[in-house]
Amino acid sequence: MSIIQISFRHLYKKYHYPVFNDYNLDIDNRKINFIMGINGSGKTTLIKCLFNLINYQGEIKFNKNIKLIYIPEKVFLPDYIKMIDFIKLLTKEEDKTILDYLSLFKINIYSHQNLCNLSLGTRQKMLLILGLLHKADGYVFDEPLNG
């Protein structure tokens, strides 16, 4: 496993108010890292900066050859596709591999349910499985315990 070192330097991001003003942080994957804070403190904004999903000022450095997977809190999913078909579409994995992961997370009974019929918790587990099936060097979760 590669060492993933992520450095945020002099990060500045403003919406109607500054979220970050000269923010600095180092993250190292030799530990599990949690970013905690009250609602509106910038946790999701920090992740979106890391993945270049929003504009910001400052510098974010990490090895661009590593594969990071972002598993967001909210994802708009197509309603009328079965869970197993959706996972297969995005990962190209065989049914057996997918069903093994679904069993591991105890959601295999929902494998042939349409996504619109899944609870938030089951959707979150499915997103986690999608991330794991992509076999990344690091995983970034936004609100993984919701649902």
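Residue numbers count from 1 along this sequence. When reading the values below, keep in mind they use all heavy atoms of this one structure, side chains included, and skip hydrogens, waters and symmetry mates. These numbers were taken from a predicted model, which means no experiment stands behind them.
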**Message:** Leu127 and side chain to side chain contact (heavy atoms under 4.5 Å, CB included): which single residue from Ile71, Leu132, Thr122 fits?
**Reply:** Ile71

**Request:** Evaluate side-chain contact (heavy atoms from CB on, under 4.5 Å) for Asn114 paired with Ile81, printing each intermediate quantity in order.
**Result:** CA-CA 5 Å; Asn114 287 333; Ile81 184 171; 5.6 Å; no

**Message:** Could you go through Tyr70 and Phe51, starting from their C-alpha distance and side-chain angles, then the distance that decides it, and tell me whether this counts as ring pair (Phe, Tyr, Trp, His ring centres under 6.0 Å)?
**Reply:** CA-CA 8 Å; Tyr70 171 39; Phe51 286 92; 5.2 Å; yes

**Over all atoms of both residues, closest heavy-atom pair of Ile69 and Ala136** = CG1-CB, 3.2 Å

**Item:** Contact check, side chains of Val19 and Lys14, non-hydrogen atoms, under 4.5 Å
**Value:** no

**Message:** Rounded to the nearest 0.5 Å, what separates atom CG in Leu102 from atom CD1 in Ile84?
**Reply:** 6.5 Å

**Prompt:** What distance separates Thr91 OG1 from Ile129 CD1, expressed to the nearest 0.5 Å?
**Reply:** 10.5 Å

**Message:** Out of the candidates Leu50, Asn24, Leu46, only one should pair with Leu11 under the side chain to side chain contact (heavy atoms under 4.5 Å, CB included) rule; please name it.
**Reply:** Leu46

**Prompt:** Hey, is the main chain of Asn55 close enough, under 3.5 Å, to the side chain of Lys13 for a donor-acceptor pair?
**Reply:** yes

**Prompt:** How close do Cys116 and Arg123 get, heavy atom to heavy atom, and via which atoms?
**Reply:** CA-NH2, 3.4 Å

**Residue pair Lys61, Asp26: steps toward the salt bridge (charged side-chain N to carboxylate O under 4.0 Å, His left out) verdict** = CA-CA 10 Å; Lys61 288 199 254 183; Asp26 290 315; over 6 Å; no

**Prompt:** For Gly40 and Tyr17, which heavy atoms make the closest approach, and how far apart are they?
**Reply:** O-OH, 3.8 Å

**Item:** Note, Leu68 side chain near Ile6 side chain (heavy atom, < 4.5 Å)
**Value:** yes

**Atom pair CG (Asp100) and CD (Glu93), whose distance is rounded to the nearest 0.5 Å** = 10.5 Å

**Prompt:** Will you find, in the side chains of Tyr15 and Thr45, an N or O donor that is under 3.5 Å from an N or O acceptor?
**Reply:** yes

**Prompt:** Could you state the interatomic distance from CZ (Phe20) to CZ (Phe8), rounded to the nearest 0.5 Å?
**Reply:** 8.0 Å

**Item:** Pairwise side-chain contact, Gln113 with Met83, heavy-atom cut-off 4.5 Å (strictly under)
**Value:** no

**Item:** Trace of the side-chain contact (heavy atoms from CB on, under 4.5 Å) decision for Leu25 with Ile35
**Value:** CA-CA 11 Å; Leu25 175 68; Ile35 299 173; 4.3 Å; yes

**Message:** Assigning hydrophobic clusters by single linkage (Ile, Leu, Val, Met, Phe, Trp, Tyr; side-chain heavy-atom cutoff under 4.5 Å), is Tyr12 placed with Ile47?
**Reply:** no

**Asked** Would you say the side chain of Ile60 lies within less than 4.5 Å of the side chain of Cys49, judging by non-hydrogen atoms?
**Response** yes

**Message:** Regarding Lys43 and Asp142, does a basic nitrogen lie under 4.0 Å from an acidic carboxylate oxygen?
**Reply:** no

**Prompt:** Would you call the rings of Phe141 and Tyr139 parallel, tilted or perpendicular, where under 30° means parallel and over 60° means perpendicular?
**Reply:** parallel

**Asked** Would Asn117 and Tyr110 satisfy side-chain contact (heavy atoms from CB on, under 4.5 Å), going step by step from the backbone distance to the final call?
**Response** CA-CA 9 Å; Asn117 295 325; Tyr110 305 111; over 6 Å; no

**Fill in**
Here the pair of heavy atoms bringing Gln124 nearest to Pro72 is OE1-O, 4.2 Å

**Message:** Do Tyr80 and Leu115 land in one hydrophobic cluster if side-chain heavy atoms of ILVMFWY residues count as linked below 4.5 Å?
**Reply:** no

**Request:** With side-chain contact (heavy atoms from CB on, under 4.5 Å) as the test, would you mind laying out the steps for Leu99 and Ser111 before giving the verdict?
**Result:** CA-CA 8 Å; Leu99 288 170; Ser111 64; 3.9 Å; yes

**Item:** Side chain to side chain, Ile27 and Gln5, heavy atoms closer than 4.5 Å
**Value:** no

**Fill in**
Lys67 and Lys135 have their tightest heavy-atom pair at CD-O, 4.3 Å

**Prompt:** Are Leu118 and Phe76 connected, step by step, through hydrophobic side chains (Ile, Leu, Val, Met, Phe, Trp, Tyr) whose heavy atoms are closer than 4.5 Å?
**Reply:** no

**Asked** Distance from Gln57 atom CD to His10 atom NE2, nearest 0.5 Å?
**Response** 12.5 Å

**Request:** Indicate if Ile109 and Met126 have the same hydrophobic cluster label, given that clusters are the connected sets of ILVMFWY residues with side-chain heavy-atom separations under 4.5 angstrom.
**Result:** yes

